[in-house]
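As structure tokens, the structure follows; a few thoughts come after it.
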Protein chains: 2
Amino acid sequence: MDPINKFRAYIKAQGLRKTPERETIIEEIFSIHDHFDVDELFLRLRNKKKRISKASLYRTIPLLIESGLIREVYFEDGHLHYEPIYGHKHHCHLRCTTCGKIIEFTDDAALKVQERISKKYGFVATAHRFELIGYCPKCAQRDGVQKKQQLYKENTEKKKQDANDEHEKRP
Amino acid sequence: MDPINKFRAYIKAQGLRKTPERETIIEEIFSIHDHFDVDELFLRLRNKKKRISKASLYRTIPLLIESGLIREVYFEDGHLHYEPIYGHKHHCHLRCTTCGKIIEFTDDAALKVQERISKKYGFVATAHRFELIGYCPKCAQRDGVQKKQQLYKENTEKKKQDANDEHEKRP
DNA sequence: ATTATTATTGAGATTCAATAGCAATAATAA
DNA sequence: TTATTATTGCTATTGAATCTCAATAATAAT
């Protein structure tokens with residue numbers, strides 16, 4: 001069953017309506033095959049002359065989550081991201097705190113942990129999220145774990161300097 | 001080493017300044033022993049006649065994260081939450097999508113997965129986040145879609161009410 | 001097919017967590 | 001004690017996400 005039909009089933013079960021907007025959104029998301037945010041999605045649709053309002057995107061996303069087509073992913077830039085999960089192999093994320101890079105990995109052990117813990121707590125788990133936070137190979141090698149804070153400080157001070165330079169340039 | 005001193009070491013290393021506001025914030029957070037959001041923290045401080053501006057809370061939190069005292073936790077009510085981690089046993093979360101309830105659990109297997117995956121990808125993991133999403137024992141039984149938002153709202157608002165109650169109890 | 005009902009859309013207004021700017025204050029170093 | 005400047009609190013601002021509401025269009029009923 002493709003995402004559209006999966007969604008139609010959900011729509012019918014909930015007594016909601018099938019609309020071209022919703023299906024266009026699903027088509028676009030499942031042509032991305034990667035994580036996205038609302039702005040990105042909106043832009044991609046616009047570039048294809050599909051004029052769907054952001055309000056509709058925001059209203060559709062919860063339905064896509066409820067129907068199991070996508071899920072939220074938490075990055076660290078202050079707003080939500082999403083990724084298609086239906087028809088995609090479940091994966092987890094490695095997130096580099098230095099460069100922000102996201103590496104995906106699959107792991108079966110996490111699934112077993114899910115089952116064991118669920119049983120232990122009488123919890124019916126429908127999903128899990130497993131994420132490793134740290135340093136990607138490049139950043140771990142280049143910086144060393146200890147240098148991070150120093151680099152961070154240098155970076156932030158550089159920013160201030162840049163801001164000053166820019167300011168002083170003005171006539 | 002207690003959280004305050006851990007923070008003082010960080011402050012010194014970064015060339016920042018020790019202030020009573022920052023230390024009051026740390027004291028409050030580590031007296032909670034549980035997750036919190038900025039509003040809650042602000043209210044609790046106010047109830048104790050500690051008048052610290054929200055701006056300072058927002059400015060201090062990144063320092064607490066950087067120094068390893070707290071971490072972000074992602075719930076689903078549209079804004080960030082945090083929890084103390086320094087001196088606390090690492091734990092993971094079960095999150096009920098019906099009532100919003102959070103159950104904590106500890107698990108060593110997750111740590112082993114972290115080690116194995118890190119080695120595999122050449123990633124230097126400093127932390128992991130493992131979360132199970134589904135239905136808590138109560139909700140798994142009654143399972144009503146209509147009740148979802150109502151229950152969720154009740155749970156998340158209960159906390160704020162508790163904070164107020166606590167204040168009113170004081171003589 | 002036609003009509004009635006009402007969910008959905010789009011545009012703009014609104015909310016609110018989070019950030020930024022600025023003058024006053026206070027922590028550190030000299 | 002004085003000088004330097006990070007920090008604070010207040011206010012204004014940003015921007016993601018939500019809400020309002022009239023217009024539209026999807027479904028059910030006739």
Side-chain angles (χ1 to χ4, degrees), chain A residues 4 7-26 35-43 45-46 49-67 70 72-82 153 156-157 159-164 166-167, chain B residues 4 7-8 10-26 35-43 45-46 49-66 72-82 149 152-153 156-157 160:
Chain A
I4 297 282
F7 186 70
R8 285 180 183 167
Y10 172 79
I11 282 297
K12 177 160 273 182
Q14 298 291 318
L16 304 174
R17 289 180 184 174
K18 177 164 93 74
T19 73
E21 287 82 2
R22 286 171 178 170
E23 303 206 341
T24 300
I25 291 167
I26 293 169
H35 56 80
F36 62 92
D37 59 23
V38 170
D39 251 45
E40 255 175 271
L41 183 55
F42 180 74
L43 273 176
L45 288 166
R46 279 212 135 210
K49 312 299 177 197
K50 308 285 173 62
R51 311 188 122 268
I52 297 174
S53 71
K54 279 194 183 174
S56 287
L57 298 186
Y58 279 111
R59 280 184 293 228
T60 301
I61 281 169
L63 303 179
L64 301 183
I65 292 173
E66 274 296 316
S67 61
I70 68 173
E72 286 182 347
V73 286
Y74 306 111
F75 298 154
E76 304 211 320
D77 57 352
H79 65 276
L80 283 170
H81 292 245
Y82 309 90
K153 204 188 171 192
T156 50
E157 280 175 357
K159 259 187 145 178
K160 279 185 188 170
Q161 196 53 52
D162 289 349
N164 284 333
E166 201 171 322
H167 174 57
Chain B
I4 298 282
F7 186 70
R8 285 179 183 167
Y10 172 79
I11 282 297
K12 178 158 272 182
Q14 297 293 317
L16 303 173
R17 288 180 185 174
K18 178 163 93 75
T19 73
E21 287 82 3
R22 287 171 177 168
E23 302 205 342
T24 300
I25 292 168
I26 293 169
H35 55 80
F36 62 91
D37 60 23
V38 171
D39 251 45
E40 259 175 83
L41 183 55
F42 181 74
L43 273 175
L45 288 166
R46 278 212 136 210
K49 312 297 178 200
K50 308 284 174 64
R51 310 189 123 269
I52 297 174
S53 71
K54 280 195 183 173
S56 287
L57 298 186
Y58 279 112
R59 280 184 292 229
T60 301
I61 281 170
L63 303 180
L64 302 183
I65 293 172
E66 274 296 314
E72 285 183 348
V73 286
Y74 305 111
F75 297 155
E76 304 211 319
D77 56 351
H79 65 275
L80 283 169
H81 293 244
Y82 308 89
Q149 290 170 351
Y152 186 83
K153 208 182 168 193
T156 50
E157 279 175 0
K160 277 188 186 169

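Below, each value reflects all heavy atoms present in this structure, side chains not excepted, and no hydrogens, waters or symmetry copies. Because the structure is a prediction, the values reported are computed rather than measured. In what follows, chains are A, B, ... by sequence order, proteins preceding strands, each numbered from 1.
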Ignoring backbone atoms, establish whether A/Thr19 has a side-chain N or O less than 4.0 Å from OP1 or OP2 of C/dT9.
yes
Rounded to the nearest Å, what distance is computed from the CG atom of residue B/Leu41 to the P atom of nucleotide C/dA18?
12 Å
Whole-Å distance separating the CZ atom of B/Phe42 from the P atom of C/dA17:
12 Å
C/dA7 OP1/OP2 closer than 4.0 Å to side-chain N/O of A/Arg59
no
Which nucleotide wins on minimum distance to the side chain of B/Val38, given the candidates D/dA17, D/dG9, C/dA18?
C/dA18
CG of B/Asp77 versus P of D/dA17: gap in Å, rounded?
13 Å
Length of the line joining A/Arg51:CZ and C/dG10:P, which is rounded to integer Å:
10 Å
Starting at atom CD of B/Glu40, determine the distance to atom P of C/dA17, rounded to an integer number of angstrom.
12 Å
Below 30° counts as parallel, above 60° as perpendicular, anything between as tilted: where do the rings of A/His35 and A/His81 land?
perpendicular
Between B/Arg22 (side chain only) and B/Arg17 (backbone N and O only), is there a donor and an acceptor less than 3.5 Å apart?
yes
5'-most by nearest nucleotide on DNA chain C - B/Leu80 or B/Ile11
B/Leu80
For A/Pro20, answer base if it contacts any base atom (sugar-phosphate contacts may also be present), sugar-phosphate if it contacts only those atoms, and nothing otherwise; contact means non-hydrogen atoms under 4.0 Å.
sugar-phosphate
If I take atom CG in residue A/Leu57 and atom P in nucleotide C/dT9, what distance separates them, rounded to the nearest angstrom?
10 Å
Using the rule given for side-chain contact (heavy atoms from CB on, under 4.5 Å), can you reason through B/Thr60 versus B/Ile52, listing the C-alpha separation, both sets of side-chain angles and the distance that settles it, and then say yes or no?
CA-CA 11 Å; B/Thr60 301; B/Ile52 297 174; over 6 Å; no
At less than 4.0 Å, is any side-chain N or O atom of A/Ser56 found next to OP1 or OP2 of C/dG10? Yes or no.
yes
Tell me: CD of B/Gln14 to P of C/dT28, nearest whole Å?
15 Å
Heavy-atom donor-acceptor pair, B/Arg17 side-chain to D/dT5 base, under 3.5 Å
yes
Side-chain N or O of B/Tyr58 less than 4.0 angstrom from OP1 or OP2 on C/dT19?
no
Have a look at B/Lys54 and say if it touches a base, only the backbone sugar-phosphate, or nothing, with a 4.0 Å heavy-atom cut-off.
nothing
Could you please name the partner base of C/dT8, counting Watson-Crick and G-U wobble pairs only when both distances are under 3.5 Å?
D/dA23
Complementary nucleotide for C/dA30 - Watson-Crick or wobble, under 3.5 Å:
D/dT1
Both B/Lys18 and A/Leu16 contact DNA chain D. Which one's nearest nucleotide lies toward the 5' end?
B/Lys18
Quick one: CG on B/Leu63 to CG on B/Leu16, what's the gap to the nearest 0.5 Å?
6.0 Å
Of the non-hydrogen atoms in A/Tyr74 and B/Phe75, which two are nearest, and what is the gap between them?
OH-O, 3.9 Å
Whole-Å distance, A/His81 NE2 to D/dG15 C1', equals 14 Å
